[in-house]
K.L.:
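Mind having a look at this structure? Questions to follow.
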Amino acid sequence: MRLAQVVPLAPVEGPFTYSVPDALDAEAVVGARVLVPFGRRQLTGVVVARGEGESAKAKPLVDVLDARPSLTPELLALTRWVATYYLCTWGEAIKTALPSGTEVETRRIVRALRPPEAEDGDDGRALLAALAQSNGSGLKVPALAEAMGRKTAPQALLRRLEASGAVSVEYELQEARTRARVEKHLTLTGADPSGLTGARQQALVALLADAGEPVRQAEALKASGASSSTVKGLVARGLVETQDLEVERTDDALDAPLAPAADVTLHPMQEAALGEIRTAIGGDAPQTFLLHGVTGSGKTEVYLRALAAALARGESGIVLVPEIALTPQTVRRFRAHFGDRVAVMHSRMSPGERLDAWTRIRDGKYPVVIGPRSAIFAPVENLGLVIVDEEHEASYKQFDPAPRYHARDVAVFRAHQAGAVCVLGSATPSLETAANARSGKYAYLAMPERVPVLVRKESVASGQSPAAEVASGARGVPAESSTASPLSLGEGQGEGRTSPEASGETRSHPGTQPPPPADAGTSPRGGFDAPSDASNPPAAPEASGDDSSATGYSLLAPAPLPPVRVIDLAREKEVRRLKGALSHDLREAMRQRLERGEQTILLQNRRGYAPVINCETCGWTPECRDCSVSLTLHKTNRTLRCHYCGRAERYPPVCPSCGADDLKLLGSGTQRVEEEIAEVFPEARLLRMDMDTTSRKGAHQKILDRFGRGEADILLGTQMVAKGLDFPRVTLVGVVNADTGMLLPDFRASERTFQLLAQVAGRAGRHDLPGEVLLQTRNPEHPAIQHALNHDYSAFAREELVERYHLGYPPYGRLIGIEIKGPYENSTHKLAQAWTDALARRASGIAGTDVLGPVAAFVGKVKGFWRFHTHLKAPRTVPAKILADAVSAATAEIGAPPKGHRINVDVDPVGLY
DNA sequence: AGCACGCCGACT
DNA sequence: GTCGGCGTGCTC
């Protein structure tokens with residue numbers, strides 16, 4: 001008999017075998033979504049294989065849901081890899097690759113067949129009364145339970161009422177929540193319209209004749225001034241036909257007019273990088289590049305041209321960006337170049353818009369897809385290029401729900417599998433990527449210099465260049481050696497190979513453990529050491545007589561990377577008796593900018609007014625009821641707020657514990673810095689950007705636009721001020737407290753701090769005005785600070801890699817994190833201990849492997865759930881599969897956790913606390 | 001994830 | 001005794 005292997009979209013291990021009725025045989029192809037009987041109900045699954053054979057257990061497929069398969073064999077293979085690598089079910093992985101809300105399944109619906117009074121028993125009456133509220137449309141079983149004020153539905157009672165004919169319980173097909181939108185369209189039948197007298201009718205017919213294709217009724221009526229009765233009349237006369245056709249829901253924001261793409265000439269360094277990428281695109285073998293370019297080196301221009309090369313070959317491309325809201329410039333430039341060939345996915349899209357975009361991508365209408373991490377599963381065919389912009393960004397890692405995948409690593413795998421080229425771009429590559437570049441696994445492309453900037457002429461004249469209209473390119477810049485060279489991370493080039501699973505190659509290389517990047521101090525600095533001295537800037541290009549100025553753009557010489565100065569807050573406190581958050585020097589620097597009419601960006605990576613309140617009399621500190629953190633004072637509405645669960649309560653005027661009027665506000669967040677600036681510079685125009693001021697849709701962009709137009713002197717905010725923005729008049733970047741996050745118990749804390757500081761430092765002095773960066777810290781000797789000071793990524797990476805090597809952390813070790821959550825501290829700890837013991841027994845036989853934990857999470861309780869962590873740490877030489885098997889075995893041994901408890905497995909975790 | 005079965009304590 | 005709560009196991 002004909003069989004199909006089907007993976008149900010449920011967290012069960014599959015696939016399951018079904019028989020295929022003759023009528024569905026042609027449609028039930030691999031990759032198609034199907035409706036299958038599963039237990040007592042029916043649900044959506046995906047056909048992953050077809051075949052012939054005998055199976056006694058196999059039930060027949062109920063229906064095929066796709067006219068065209070939802071998943072290509074390539075995406076099926078990709079999702080299966082994600083499932084095995086990230087330890088989730090194939091069904092969970094497939095679910096992330098499909099638009100949400102499109103599942104079809106049956107649910108039990110209970111309907112009342114009699115009025116409540118007809119029932120003798122009290123509970124029977126209560127059930128019927130609950131159903132009566134549903135107006136005969138019935139209730140799903142959980143909804144019924146809720147309507148009765150119970151946790152679970154009374155199953156036995158239900159069965160009795162069903163048997164006695166008081167209620168019906170039926171499985172009913174629930175349509176997908178998200179469906180294609182169909183709207184009424186009008187066409188002419190071709191019948192002779194002569195003899196029509198009504199002006200409206202004539203107008204409508206003329207419009208339809210002009211169009212020559214079905215026109216949306218709403219559109220036709222608006223354009224012709226007709227009404228629906230006009231249509232009725234025409235239909236009655238047999239002149240017009242109506243039909244329901246699918247329409248695409250699009251995001252209006254994307255229809256905004258675009259500045260034409262500037263045709264710029266590349267800097268030789270960009271040219272060299274692009275050349276290598278193009279060669280790889282032209283070749284047959286898959287290849288991954290690290291494009292390491294400082295802020296302002298023109299990475300986007302390289303992406304654009306690489307993508308053009310792939311498109312020219314008839315291939316498609318995927319561009320991953322960390323978060324669309326934070327990268328509007330990048331998105332706009334792709335749209336300016338590729339127009340309606342680009343599908344943009346972003347987090348603010350409605351499920352319907354997403355579905356429509358997804359459908360059209362699958363139908364091949366968009367060869368370019370740009371979006372956040374989930375876009376790596378976009379159903380494009382003939383993939384030629386995958387770009388991961390800002391590859392170091394933590395937002396590429398998904399945590400909830402499973403699969404807990406890293407989109408960058410999935411990107412590398414997908415590109416490899418498709419024989420495509422993958423480009424990972426960053427100014428501050430993750431150390432994983434740096435190690436892969438160093439070992440030769442990824443080809444290394446360096447763009448260590450800023451390039452001249454092209455701005456629209458009128459913008460230059462007014463002194464304010466709207467961020468979106470800036471493009472990068474250069475002409476006539478003397479070529480420096482821009483040969484790609486490996487990162488100078490130490491000795492041992494060649495023999496060390498760290499191979500990420502995402503490479504799609506072997507999982508491990510036993511016996512090829514990377515050597516320690518020893519003796520880092522004496523190793524030569526390689527091709528990438530950003531110039532930190534302003535004394536030798538690249539020569540300015542001629543700004544006239546070239547094509548670009550003819551098209552309304554002018555070239556501005558690149559600014560050198562700005563000098564960075566560290567302000568030791570501890571010393572500042574001693575010497576100058578620092579009050580508030582802003583040191584004397586930072587205030588003076590800000591004053592200068594105000595006087596010169598230049599702009600300042602201030603980073604304070606903490607929102608609210610004061611993160612801690614303390615009663616000086618009794619020591620009371622407000623803490624969240626549901627989370628083990630102290631509450632932050634938000635002065636704007638006088639609330640105490642929890643930054644983990646969002647809970648807010650009134651800020652008490654006096655200490656609720658002892659009644660003393662002695663509450664001291666410790667530390668400062670953005671609101672307090674805002675207040676301080678207002679006191680010191682009452683004339684300054686200030687914009688604050690943090691989660692509190694950007695919660696409304698579009699608020700984020702509004703603030704940036706206002707700042708870009710020069711409507712404010714100072715932009716103050718959390719790390720969102722550090723991302724990909726280009727404001728020509730910003731000449732000062734101040735970091736109010738560089739230590740936030742630096743001392744967290746996470747082996748990546750230092751890396752993240754360095755990346756944030758490097759990123760925000762790159763915001764100063766991007767055009768003709770020289771910039772300056774001031775870092776305030778209590779830890780001036782910290783490596784993250786010291787290397788940010790010199791813009792020296794290479795030195796930072798070198799040093800940090802040595803540390804990682806000695807500690808056995810990634811990229812020199814593998815890590816699987818297990819989070820155990822539960823409602824009580826004791827029960828959760830016990831479960832965590834039991835799980836950890838089970839894992840330890842499995843891991844004891846694996847050489848070099850450690851089981852660390854369980855330890856209480858850094859924030860022990862969040863939203864009422866206690867959290868404990870255990871980590872499995874192993875050398876890279878241990879195959880990932882061995883570790884995964886150990887974790888699976890431990891999970892199986894422990895079995896299902898008690899009610900209310902959860903165990904989450906996180907392969908390659910990104911945050912440890 | 002549902003859904004059903006079957007075992008326990010708390011009421012009539 | 002029955003009902004409701006909850007743990008356990010299964011779903012082609």
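So that the names make sense, note that chain A is the first sequence line, chain B the second, and so on, each numbered from 1.
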K.L.:
Hey, does A:Phe38 reach any base, or is it just sugar-phosphate, or nothing, if we go heavy atoms under 4.0 Å?
P.N.:
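Base: the residue A:Phe38, judged by heavy atoms under 4.0 Å, touches a nucleobase.
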
K.L.:
Find the distance A:Leu127:CG to C:dC3:C1' and express it as a whole number of Å.
P.N.:
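From A:Leu127 CG to C:dC3 C1': 14 Å.
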
K.L.:
Is the ring pair A:Tyr405/A:Tyr86 parallel, tilted or perpendicular, if the boundaries are 30 and 60 degrees?
P.N.:
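The rings of A:Tyr405 and A:Tyr86 stand perpendicular, inter-plane angle above 60°.
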
K.L.:
Measure from CG on A:Leu158 to C1' on B:dA4 and round the result to the nearest Å.
P.N.:
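About 13 Å, once rounded to whole Å.
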
K.L.:
From the options C:dC3, C:dC12, B:dA4, select the nucleotide whose nearest atom is closest to the side chain of A:Thr17.
P.N.:
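Of the candidates, C:dC12 comes closest.
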
K.L.:
On DNA chain C, compare the nucleotides closest to A:Lys899 and A:Leu157; which residue's is nearer the 5' end?
P.N.:
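On the 5' side of the pair lies A:Leu157.
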
K.L.:
From CD of A:Glu170 over to C1' of B:dG2, roughly how many Å is that when rounded to an integer?
P.N.:
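From A:Glu170 CD to B:dG2 C1': 18 Å.
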
K.L.:
Tell me if the CD atom of A:Gln833 is crowded by more than 12 foreign heavy atoms within 6.0 Å.
P.N.:
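Yes, the 6.0 Å shell around CD holds more than 12 heavy atoms from other groups.
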
K.L.:
If you check every side-chain atom of A:Pro11, which of B:dA1, B:dA4, C:dC12 has the closest atom?
P.N.:
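Selected nucleotide: B:dA1.
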
K.L.:
Take atom CD of A:Glu162 and atom C1' of B:dA4, then tell me their distance rounded to the nearest Å.
P.N.:
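Atom CD in A:Glu162 sits about 14 Å away from atom C1' in B:dA4.
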
K.L.:
Is the Lys NZ or Arg CZ of A:Arg404 less than 6.0 Å from the centre of A:Phe399's six-membered ring, within 45° of the axis?
P.N.:
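Relative to the ring axis of A:Phe399, which defines the angle, A:Arg404 lies inside both limits.
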
K.L.:
At less than 3.5 Å, do the side-chain atoms of A:Arg107 and the base atoms of B:dA1 form a donor-acceptor pair?
P.N.:
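Between B:dA1 and A:Arg107, which were checked side chain against base, a qualifying N/O pair under 3.5 Å is absent.
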
K.L.:
Indicate, with a heavy-atom threshold strictly under 4.0 Å, whether A:Arg41 touches base, sugar-phosphate, or nothing.
P.N.:
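Base, at least one base atom sits under 4.0 Å.
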
K.L.:
Distance check needed: C:dC12 C1' versus A:Leu35 CG, whole Å only.
P.N.:
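Checked: the CG to C1' distance equals 14 Å.
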
K.L.:
With a 6.0 Å cut-off (strictly less than), is the heavy-atom count around CZ of A:Arg80, excluding the residue itself, greater than 12?
P.N.:
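No, because the 6.0 Å sphere around CZ of A:Arg80 holds 12 heavy atoms or fewer from other groups.
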
K.L.:
Which part of the nucleic acid does A:Lys57 contact within heavy-atom distance under 4.0 Å: base, sugar-phosphate only, or nothing?
P.N.:
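Counting heavy atoms under 4.0 Å across all strands, the contact made by A:Lys57 includes a base.
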
K.L.:
5'-most contact on DNA chain C: A:Pro154 or A:Ala896, nearest heavy atom basis?
P.N.:
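Closer to the 5' end of DNA chain C: A:Pro154.
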
K.L.:
Could you check which of C:dC3, C:dT11, B:dA4 has an atom nearest any side-chain atom of A:Val12?
P.N.:
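Comparing C:dC3, C:dT11, B:dA4 against the side chain of A:Val12, the answer is C:dT11.
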
K.L.:
Is it true that A:Thr870 and A:Thr836 share a donor-acceptor pair across their side chains at a distance under 3.5 Å?
P.N.:
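A pair is found: one side chain offers a donor N or O, the other an acceptor, under 3.5 Å apart.
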
K.L.:
Regarding A:Ala58, tell me which of base, sugar-phosphate or nothing describes its non-hydrogen contacts under 4.0 Å with the strands shown.
P.N.:
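If one applies the 4.0 Å heavy-atom cut-off, A:Ala58 turns out to touch the sugar-phosphate alone, with no base involved.
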
K.L.:
Over 60° means perpendicular and under 30° means parallel, so classify the ring planes of A:Tyr85 and A:Trp81, tilted if in between.
P.N.:
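The arrangement is parallel - the two ring planes meet at less than 30°.
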
K.L.:
Taking only side-chain nitrogens and oxygens of A:Arg40, does any of them come within less than 4.0 Å of OP1 or OP2 of B:dA1?
P.N.:
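False: A:Arg40 side-chain N/O out of range (4.0 Å or more) of B:dA1 OP1/OP2.
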
K.L.:
Rounded to whole angstroms, how far apart are NZ on A:Lys59 and P on C:dC10?
P.N.:
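Whole-Å distance recorded here is 15 Å.
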
K.L.:
Nearest whole angstrom, please: distance from the P of B:dA1 to the CD of A:Glu13.
P.N.:
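It works out to 13 Å between those atoms.
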
K.L.:
For A:Arg160 and C:dT2, is the shortest distance between a side-chain N/O and OP1 or OP2 below 4.0 Å?
P.N.:
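Checking A:Arg160 against C:dT2: no side-chain N or O falls below 4.0 Å of OP1 or OP2.
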
K.L.:
Classify A:Pro15 by what it touches in the nucleic acid, base, sugar-phosphate, or nothing, heavy-atom distance under 4.0 Å.
P.N.:
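The answer is nothing, as A:Pro15 stays clear of every strand by at least 4.0 Å.
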
K.L.:
Calculate the interatomic distance between A:Gln155 atom CD and C:dG7 atom C1'; express it in whole Å.
P.N.:
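Distance check: A:Gln155 CD to C:dG7 C1' gives 15 Å.
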
